[in-house]
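Okay, structure first, notes after.
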Amino acid sequence: MIKAVRLALAATAALIILATTVLSGAVAALVTTPAHDSTEPSEHAVADIPANYLALYRAAAPHCPGLDWSILAAIGKVETNHGRLDAPGVLAGENASGAGGPMQFLEPTFEEVVSQHEIPPGGAVPPSRYVPHDAIYAATFYLCDNGARDNRDLYGAIFTYNHADWYVRKVLTQAGHYRAAATTPTGSGGWVVPAHGTCTSGFGPRDGAMHNGLDIAAPTGTPIHAAADGTVIDSGPASGYGLWIRLRHPNGVITTYGHNNTNHVATGQAVRAGQPIGEVGNRGQSTGPHLHFQIDLHRQPVDPLDFYAQQRGPDLCGP
Ligand SMILES: [Zn+2]
């Protein structure tokens, strides 16, 4: 009797383990960033990054949900020009700071990362910081552990990699150049200037944080136009932005319009390119009336000026 119960318990336990395994597999499948949800390399990236490195950056990045491959590629560029830098500590040995390999790991840091994370097959056994495969996966896990996961603190994660604000700025700027503005061009006539004014602050690091959009200064009440055909996914108050509108467009593109004085559209509404959707204001964290115009591609902000150039759109800062 006792034996039977034990057997039944063991069977139940085995089922629970099986169910948990299946479930965690399903959850992992949901959590893992699908391939179509990451950005595509720009022409510059394809020309500048050796093909084997580009493949490794793109394969490794999804192991950290929220981390775009372009951040890894930018670090590889800044550290050793993707292993091509002719200097001590790239192919063998160490530089004056003790760093080695294409991603310039200190030996203790690399050993700590690989002791905590299993490097997928394809590299050296045991993993080596001089092998691009191992170094790039280790960099992915290292960034993930230090804030890159789910984009919680990407700036902080990059800062941990090399403790300097100039370094973070350089990496973020390089990463922006490596990301294509759009996977599929949406057509030359599709994009219009959202507000006419003076560009006062561009996309990029600003005051130790990332400015994810383009600021266009214009008097309060200046019309804000939908930048392209789309659907309103937010229209109302938002922290920092005062009053904002967000539009969803085809191909994973979302545009954001912030600090608005008034909004003329409601969530769920379809809008056409050029349609007036609100008015420029000075609400939220703003030091003068302007439009904060932001473009996100697959949830990664891109430089609106680059995006418009690649879409053959009009000059955002023109008259
Ligand atoms: Zn802004």
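In what follows, every heavy atom counts, from backbone to side chain, and hydrogens, waters and symmetry copies are set aside. Both ligands and their constituent atoms are indexed starting at 1 by order of listing.
Taking all atoms of both residues into account, the shortest heavy-atom contact from Tyr161 to Met103 is OH-O, 2.7 Å. The two residues Arg169 and Pro205 have their closest heavy-atom pair at CG-CB, 3.3 Å.
Listing protein N, O or S atoms at distances below 2.8 Å from the Zn ion (ligand 1), with waters left out, gives His211 NE2, Asp215 OD1, His292 ND1.
A donor-acceptor contact closer than 3.5 angstrom is absent between the side chains of Glu118 and Tyr137. Neither side chain, Asp48 nor Tyr53, offers a donor N or O lying under 3.5 Å from an acceptor on the other.
Annotation for Tyr241: hydrophobic cluster partners, listed by chain and number, are Trp244 (ILVMFWY side-chain heavy atoms under 4.5 Å, direct or chained).
In this structure, His290 and His259 have tilted ring planes: the angle between them lies in the 30° to 60° band.
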